[in-house]
Amino acid sequence: MKIFLGSLFFIGVTPKTGVTPISYCDMIEVMIGKKKVITKKSEDFSRWYTDVVQQAELADYAPVKGCIIFRPYGYALWEGIKKALDAKIKAMGVENAYFPLFIPQEFLQKEKEHVEGFAPELAVVTHGGGKKLEEPLIVRPTSETVMYAMFSKWIQSWRDLPLKINQWCNVVRWEKRTLPFIRTTEFLWQEGHTAHAEHKEALDQVHAAAQAYEEIFKDYLAIYGITGFKSNSEKFAGAAASLSYEALMPDGKALQSSTSHDLGQNFAKAFEITFQDQKGKNQYVWQTSWGLSTRAVGGLIMVHGDDNGLFFPPQIAPIQIIIVPIYGGDEEGGLVKQYVSELKSKLIEFRVKVDSREEYSPGWKFNEWELKGVPLRLEIGPREVKSQTVMAIRRDTGDKTSITTSELTEKVTMLLKTQQKDALERSRKFTEENTHLVDTYDQFKEIMSGPRGFIKAFWCENPGCEAKIKEETKATTRCLPLDAVEEKGKCVYCDEPATHRWLFAQAY
RNA sequence: CGGGGAUUGGCGCAGUUGGCUAGCGCGCGGCGUUUGGGACGCCGAGGUCGUGGGUUCAAGUCCCACAUCCCCGACCA
């Protein structure tokens, strides 16, 4: 039942909240009655995002600013990412370990760029056990320093290398402006840290990590993106070079979804991590670090949702199939229940849930599970019992298919696979359609003040131009794509010679 | 951290120039009838109005501070 309030209210929407231009005062349809109020994604993207996060029970706000509670359904997404990524990390020969949450302040100060990069956003513990601490403790914003103090102790010989450690943990960064999953004060992530005898080996590790991330994003989360090198001003504080995976969100802003860093010997020198090589000579190690955070969950929500709520690609969906029984009358109801339990037992290889609640009508449940993004719904009522079929409905397209029980697993597998493939394809298509090849600064400005998106433009690699472009358009260099070809061009800002097209966008 | 908006049962809101017992819808609990796109009836529970000060005979309403959320900036995974 949809009831319009007597006078529809108007909400001012900035023209920048959608990739497709939207009018300044879009009417927001408000539904009262049985329907949860959800802002349409197509009308007000940022409000849709904060609405859907709460209404789908992914997360709730914590009493502390910028912190969220991962509710079971939201945490299940992180668990899914963790499971898939952990297997890839182990396959790279990396072992899991755990280092302390607290870091002595002096550790952080050992690497100059690192401390400068993180200083503004540190949480510091000044008291413990009722006493003021002699030396304040930092709540880790990342663990390079505390880990490398130990690496220095553990690494003596070339035989100790490579050392490959990963940890799954929480970190704290005191961000000024927060958004659930995308930028929270405390967040969960994995951070891999390796030490190698040769620079080349370290570089291989950096690329292997970036490759693993790209596979997680494409194969599991169905989020298309671009892997590339960060510019000097955008790279990690203390790194020699950084790689990132940049994904385009529906509002035309880019989400830096993971990073992997070539740390060179910067930290090795700061923390005295040396080894004796085969010739007996003492050398500094070459290091890498790489991370993927719960930000990825935010990307997942943004990229795939629609006006009806969430959509999770089957590989990552906590529930892949929701069975909604339609009970009908008493006698029929019994038959339906029995039929449903038979069918469920045939679907053990999938993550299946039966919504057997009798206090909600089927229609209510359809909407509920659409909001929650379950990719496939099976409707099973008296009609299906009679014909020995099920009705399958795709969350992404709404397409209905009647499936006979004999070919149930086969067809369900196909429907899930198709949705997984189509989701990545939609993401890829959206990204490509919103990637602009730009040669003049006027064009650049026009795109940034209009639809936004990715811009591929020549840049002379002078930090001054990068800073000016950011100041004037909000766009920053996102990365130099790995597949960028060397060309002769002119910097989009200053006309000086440039060799590559960089990827620009407004960052989240 | 700057600018703007918000905060009233679980959710969404109303609450007049300060005034009496703070309302409404949904949700929630009970009973009954229902079940193919957000069912219905009856009964019922639930609020020191974000927090702390202040003004006043009297504060949800006025003033100050703080907290949190949302939007826009500067900073960032």
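In what follows, chains carry the letters A, B, and so on, assigned in the order in which the sequence lines appear, proteins first and then strands, with residues in each chain numbered from 1.
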Name every donor-acceptor pair, under 3.5 Å, that has one atom in a side chain of residues 318-335 of chain A and the other anywhere in the protein, sequence neighbours excluded.
unit_1	atom_1	unit_2	atom_2	d
A:Gln320	OE1	A:Arg351	N	2.8
A:Gln320	NE2	A:Pro314	O	3.0
A:Tyr327	OH	A:Ser356	O	3.4
A:Glu332	OE1	A:Gly329	N	3.1

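- A:Gln506 places its CD atom 8 Å from the P atom of B:A74, with the value rounded to the nearest Å.
- In this structure, A:Phe45 and A:Tyr49 have tilted ring planes: the angle between them lies in the 30° to 60° band.
- Using N1 to N3 plus N6-O4 or O6-N4 for Watson-Crick, or N1-O2 and O6-N3 for G-U wobble, each under 3.5 Å, B:A6 pairs with B:U68.
- Panel note: side chain A:Lys346, backbone A:Leu408; no donor-acceptor pair is recorded below 3.5 Å.
- When the nucleotides B:A74, B:U68, B:G38 are ranked by their closest atom to the side chain of A:Lys65, B:U68 comes out on top.
- At a cut-off of 3.5 angstrom, the base of B:C76 holds no donor-acceptor pair with the side chain of A:Arg173.
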Indicate every side-chain donor-acceptor pair of residues 62-73 of chain A with a distance under 3.5 Å to a residue at least two apart or in another chain.
unit_1	atom_1	unit_2	atom_2	d
A:Tyr73	OH	A:Lys372	O	2.5

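- One interatomic measurement links the two molecules: CD of A:Glu175 to P of B:C75, which rounds to 12 Å at whole-angstrom precision.
- Within the nucleic acid shown, A:Thr476 has no heavy atom closer than 4.0 Å to any nucleic acid atom.
- The CZ atom of A:Arg183 sits 13 Å away from the C1' atom of B:C71 (whole-angstrom rounding).
- Across every strand in view, B:C1 sits in a pair with B:G73 that passes the Watson-Crick or G-U test at under 3.5 angstrom.
- B:C42 and B:G25 have their P atoms separated by 12 Å, given to the nearest Å.
- The base-pairing partner of B:C40, taking Watson-Crick or G-U wobble contacts with both distances under 3.5 Å, is B:G32.
- Each of B:U68, B:C72, B:C76 was ranked by its minimum atom distance to the side chain of A:Arg295; first place goes to B:C76.
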* To do: List the steps and the verdict of side chain to side chain donor-acceptor pair (under 3.5 Å) for A:His261 and A:Ser242.
  => CA-CA 4 Å; A:His261 314 296; A:Ser242 292; 2.6 Å; yes

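- Residue A:Thr259 is out of contact with every strand shown, counting any heavy-atom pair closer than 4.0 Å.
- Applying salt bridge (Lys or Arg N to Asp or Glu O under 4.0 Å) to A:Glu370 and the options A:Arg377, A:Lys365, A:Arg395 leaves one that passes, A:Arg377.
- Searching all strands for a Watson-Crick or G-U wobble partner of B:C24 with both distances below 3.5 Å returns B:G12.
- Across the C1' atoms, B:A77 and B:G2 are found 24 Å apart, a figure rounded to whole Å.
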Under-3.5 Å N/O pairs linking protein and nucleotides 30-37 of chain B:
unit_1	atom_1	unit_2	atom_2	d
B:U35	O2'	A:Gly328	N	3.4
B:U35	O4	A:Glu358	OE1	3.4
B:G36	O6	A:Pro382	N	3.3
B:G36	O6	A:Arg383	N	2.7
B:G36	O6	A:Glu384	OE1	3.0
B:G36	N1	A:Glu384	OE1	2.5
B:G36	N1	A:Glu384	OE2	3.1
B:G36	N2	A:Glu379	OE1	3.3
B:G36	N2	A:Glu384	OE2	3.2
B:G36	N3	A:Arg383	NH2	3.4
B:G37	O6	A:Arg377	NH2	2.3
B:G37	N1	A:Glu370	OE2	2.8
B:G37	N2	A:Asn367	OD1	2.9
B:G37	N2	A:Glu370	OE1	2.8

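- The CD atom of A:Glu121 sits 14 Å away from the C1' atom of B:A74 (whole-angstrom rounding).
- Contact check, A:Lys470 against B:C75: a side-chain N or O comes under 4.0 Å of OP1 or OP2.
- Ring geometry, A:Trp168 versus A:Trp78: the interplanar angle exceeds 60°, so the pair is classed perpendicular (tilted spans 30 to 60°).
- The same atom, C1', is picked in B:A6 and in B:C11; the two are 16 Å apart, to the nearest Å.
- When the side-chain contact (heavy atoms from CB on, under 4.5 Å) test is applied to A:Glu175, the partners found at least two apart in sequence or on another chain are A:Glu121, A:Arg173, A:Thr178, A:Arg183.
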Check the interface with nucleotides 43-47 of chain B: list each N/O to N/O pair with the protein under 3.5 Å, or write none.
none

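- Atom P of B:U61 sits at a distance of 24 Å from the matching atom of B:G3, rounded to the whole Å.
- Judged purely by atom type and a 3.5 angstrom limit, A:Arg140 has no side-chain atom pairing as donor or acceptor with the backbone of A:Ile103.
- For the 3.5 Å distance criterion, the side chains of A:Tyr441 and A:Glu472 qualify, holding a donor opposite an acceptor.
- Atom-to-atom, CZ of A:Arg47 to C1' of B:C70 comes out at 9 Å; the value is rounded to the nearest Å.
- Across the interface with RNA chain B, nearest-nucleotide mapping of A:Cys67 and A:Ala507 shows A:Cys67 to be the residue nearer the 5′ end.
- Here, B:G46 and B:G10 have their P atoms 12 Å apart, quoted to the whole Å.
- Distance check: A:Glu246 CD to A:Cys479 SG gives 5.5 Å after rounding to the nearest 0.5 Å.
- What separates CH2 of A:Trp189 from C1' of B:C76 is a distance of 12 Å, to the nearest Å.
- Using P as the reference atom, B:C69 and B:G15 are 26 Å apart when rounded to the nearest Å.
- Taking only side-chain nitrogens and oxygens, A:Tyr245 never comes nearer than 4.0 Å to OP1 or OP2 of B:A77.
- Nucleotide B:G47 forms a pair with no other nucleotide shown, judged by Watson-Crick or G-U wobble geometry with both contacts under 3.5 Å.
- Going from the C1' atom of B:C62 to that of B:U55 covers 8 Å, rounded to whole Å.
- Nucleotide B:A59: unpaired (no Watson-Crick or G-U wobble partner with both distances less than 3.5 Å).
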Could I get a table of every N or O pair under 3.5 Å where one atom is in the protein and the other is in nucleotides 49-51 of chain B?
none

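- Taking the six-membered ring where the residue is Trp, A:Phe187 and A:Trp189 present perpendicular rings, their angle passing 60° and hence far from 30°.
- A side-chain donor-acceptor contact under 3.5 Å links A:Ser293 to the backbone of A:Arg295.
- In this entry the distance linking CD1 of A:Ile182 with C1' of B:C70 reads 16 Å, nearest Å.
- Distance noted for atom C1' between B:G52 and B:C13: 27 Å (whole Å).
- Neither side chain, A:Gln205 nor A:Thr288, offers a donor N or O lying under 3.5 Å from an acceptor on the other.
- The separation between A:Leu179 atom CG and B:C70 atom P is 7 Å, rounded to whole Å.
- Here the side chain of A:Ser46 is nearest to one of B:C72, B:C69, B:C71, namely B:C71.
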